[in-house]
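Only this structure's heavy atoms are used, side chains among them; waters, hydrogens and symmetry mates stay out.
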Amino acid sequence: MMLPPVTPMPAEHTTTNAALFPDHVRLSRSATPTYAPFVGTVPAKWRKAARKKGFTIVGRVKDRLHVALLCHECGCTHAKRVNVVLGHSPECPHCIKHQRIEHARTVGAVLLGRDPKHRHYGFYQLSCGHQVRRQFHRVKRAADGGHALGCETCREERYRAQAQKYGWTLLGPASNGKSGYRSYRHTCGQTQNIMVGNMLWNDCACSGCSLGRTAQPSHIYLFRIDLPGQTVLKLGYSARPAKRLRHQLGIDKSITTEVLRVVNFPTGHEARAEEERAHRTLATQFPDKVVAKSEYGDAINITREIYRPEAASIIHRLLDEIETRFPDTNSQVPDIAA
C-alpha cells in the first residue's frame, strides 16, 4: 500500500496490531485502498481529534482537505475530509462492511455487495439459495431479532401451494395493485383478486361458480342524504341498496333521503372492486369533495365514503365509465323486500 511521507507516529500508537486489532475483527489489509499522497504537515490538533475518535492520522492524501485515517478497531486505512475529523464523528467504512457481513451471517445470509444505485441497499444470498436486495438496516434489525429476513420467491411459492389446496392457481400480483392481495384463477376458469390471508384459510368464494354472497348479483349505489344544515352524498355497494339506505346506515327517519342512481353488477365481487376504485379516485384526485366524519358525526353510522353535493357530477362520470364496462342487467332499483 502506497502512503505519503508522514510525520513519525507517536509512541503510544506503535504497538497497533497486538493491542488494537483482535483476530476476530481484523480485516485483510489488502482491502485498504491506495491514495495519492499530498505533501504537508499534520497539525497536532488534527492528530488529537483523530485519536479521540478512534483513529490515527497516517498522513495527508489526495488534496489539502483529506487525511488518511488508520482505524484502531480494524486496522484498515481510509481517506476522510479534515472537517469531518475535526467537527464530526467519522465512521470507518471497513468496520461498517464487516458489521454488515456479520449481520448477514447471523441470519444465515451472505452479503454479495452493495447496490451501486443506492447506498442504503445491498445484495444478499439467503440460506434458501435465492438472491435478494435488502436495506442494510433491515438486515441489522433481522440480526437483532426484530423480524425475519424473508424471501419473496419462497413466499410466493408458499402462496402458490396454499392456493392449489383449494382449487386455485396463483397468477401473480393483484390486478388492482393492492398490497396483501394476489390474482388467482379458479378451476372453473374464473380469475379474481383475493386477499392472501383469506386464501390461507380458504375464506374466499369464486365469483364465477360459488353460491356465496360475493357471487350473487350486486349494485353500486349513490344516495343523497339531507342532513340538518347540509346535504351529503353516499357512494357504496350493496346487494340491496334500498335496505342499505333505510335500515343499515342509522339515519333518522325524519331525514329526507333518495336513491339517485344504481349500477348493477353480475357479482358482488365485481361491484366491490369497482366501488373501491371509485373511492380511490375521489380521495386522491378530489380530496376537497370528501366529507370528514367530524362534520356529520353520528347522523350516519359510517366513518367514510361520504361526499359533498358538488361531487355529484364527478361521481356520475365515474359511474358512466363503469357502466360501459358492465352492461346493465336489471333496470329496476332493487326493492327492500327483494
Side-chain angles (χ1 to χ4, degrees), residues 168 171 173-186 188-199 202-225 232-251 257-286 289-290 300-307 311-338:
W168 295 88
L171 301 179
S175 59
N176 58 12
K178 293 182 65 174
S179 61
Y181 283 74
R182 295 294 185 276
S183 177
Y184 298 90
R185 183 174 60 243
H186 195 233
C188 70
Q190 175 69 15
T191 298
Q192 65 190 70
N193 297 323
I194 301 174
M195 186 181 293
V196 171
N198 289 345
M199 181 61 72
N202 194 27
D203 186 16
C204 53
C206 175
S207 59
C209 65
S210 172
L211 298 179
R213 178 176 58 84
T214 59
Q216 301 300 312
S218 191
H219 319 270
I220 289 181
Y221 58 76
L222 178 61
F223 298 157
R224 190 191 77 247
I225 305 171
V232 297
L233 303 177
K234 168 71 173 80
L235 179 68
Y237 91 99
S238 174
R240 295 180 177 180
K243 181 178 181 180
R244 175 73 170 151
L245 175 60
R246 298 173 193 171
H247 295 277
Q248 296 176 340
L249 294 179
I251 301 172
T257 62
E258 182 182 356
V259 179
L260 297 179
R261 185 169 179 179
V262 171
V263 177
N264 305 295
F265 288 83
T267 69
H269 173 80
E270 292 166 313
R272 182 177 64 179
E274 293 297 325
E275 179 236 14
E276 290 178 347
R277 181 182 303 178
H279 286 307
R280 286 196 300 271
T281 299
L282 291 165
T284 56
Q285 298 184 22
F286 306 98
K289 301 297 189 294
V290 178
I300 310 174
N301 64 3
I302 55 175
T303 60
R304 56 193 183 93
E305 302 176 353
I306 300 295
Y307 302 96
S313 60
I314 301 171
I315 295 174
H316 279 297
R317 287 200 301 271
L318 291 173
L319 296 178
D320 288 342
E321 189 275 329
I322 291 172
E323 280 190 324
T324 62
R325 291 182 287 107
F326 292 87
D328 199 352
T329 58
N330 182 359
S331 60
Q332 301 296 318
V333 175
D335 185 75
I336 185 174

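Note that CG of Leu318 and CD of Glu274 are 10.0 Å apart. Values are rounded to the nearest 0.5 Å. Here the CG atom belonging to Asp320 is positioned 12.0 Å from the CD1 atom belonging to Ile315, to the nearest 0.5 angstrom. Separation of atoms CH2 (Trp168) and NE2 (His186) is listed at 5.0 Å; rounding is to 0.5 Å. Expressed to the nearest 0.5 Å, how far OG of Ser175 lies from CZ of Arg182 amounts to 12.5 Å. Atom CD1 of residue Ile302 and atom CD of residue Gln248 lie 11.5 Å apart, to the nearest 0.5 angstrom. For the atom pair Leu260 CG and Ile225 CD1, the distance stands at 9.5 Å (nearest 0.5 Å).
Heavy atoms from other residues, nucleotides or ligands lying under 6.0 Å from CZ of Arg304 number 12 at most. Heavy-atom neighbours of Arg224 CZ from other residues, nucleotides or ligands within 6.0 Å: above the threshold of 12.
Heavy atoms only, all atoms of each residue included: Phe223 and Val259 are closest at CE2-CG2, 3.8 Å. In plain terms, the two heavy atoms of His219 and Ala271 that are nearest each other are N-CB, 4.2 Å. Minimum interatomic distance between Ile194 and Cys204 (heavy atoms only, all atoms of both residues): CG2-CB, 3.8 Å. For Leu235 against Ala278, the heavy-atom pair with the smallest separation is CD2-CB, 4.1 Å. In this structure, Cys206 and Gln190 approach most closely via the heavy-atom pair SG-CB, 3.5 Å. In terms of heavy-atom proximity, Leu233 sits nearest to Ala311 at CD1-C, 4.3 Å.
Contact of the Tyr237 side chain with the Glu270 side chain is not registered, since no non-hydrogen atoms from C-beta on lie closer than 4.5 Å. Put simply, the side chain of Asn198 does not reach to within 4.5 Å of the side chain of Tyr181, judged on heavy atoms. Looking at Lys234 and Ile300, their side chains never come closer than 4.5 Å, going by heavy atoms from C-beta outward. In this structure, Ile306 and Val290 have side chains that are not in contact, with every pair of non-hydrogen atoms separated by 4.5 Å or more.
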- [ ] Report the C-alpha distance between Glu321 and Arg325 in whole Å, list the side-chain angles of each, state the deciding distance to 0.1 Å, and finish with yes or no for salt bridge (charged side-chain N to carboxylate O under 4.0 Å, His left out).
- [x] CA-CA 7 Å; Glu321 189 275 329; Arg325 291 182 287 107; 2.8 Å; yes
Task: Full working for side-chain contact (heavy atoms from CB on, under 4.5 Å) between Ile251 and Leu245 - done: CA-CA 8 Å; Ile251 301 172; Leu245 175 60; 4.2 Å; yes
Task: Verdict with reasoning, Arg261 to Glu323, per side-chain contact (heavy atoms from CB on, under 4.5 Å) - done: CA-CA 12 Å; Arg261 185 169 179 179; Glu323 280 190 324; 2.8 Å; yes
TODO: Report the C-alpha separation of Val262 and Ile220 in whole Å, then their side-chain angles, then the decisive distance to 0.1 Å, and conclude whether the side-chain contact (heavy atoms from CB on, under 4.5 Å) test is met.
DONE: CA-CA 6 Å; Val262 171; Ile220 289 181; over 6 Å; no
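Within the 3.5 Å criterion, the main-chain N or O of Leu171 finds no donor-acceptor partner in the side chain of Arg185. Panel note: side chain Gln192, backbone Ala205; a donor-acceptor pair is recorded below 3.5 Å. Put simply, the side chain of Ser218 gets close to the backbone of Ser238: a donor and an acceptor are under 3.5 Å apart.
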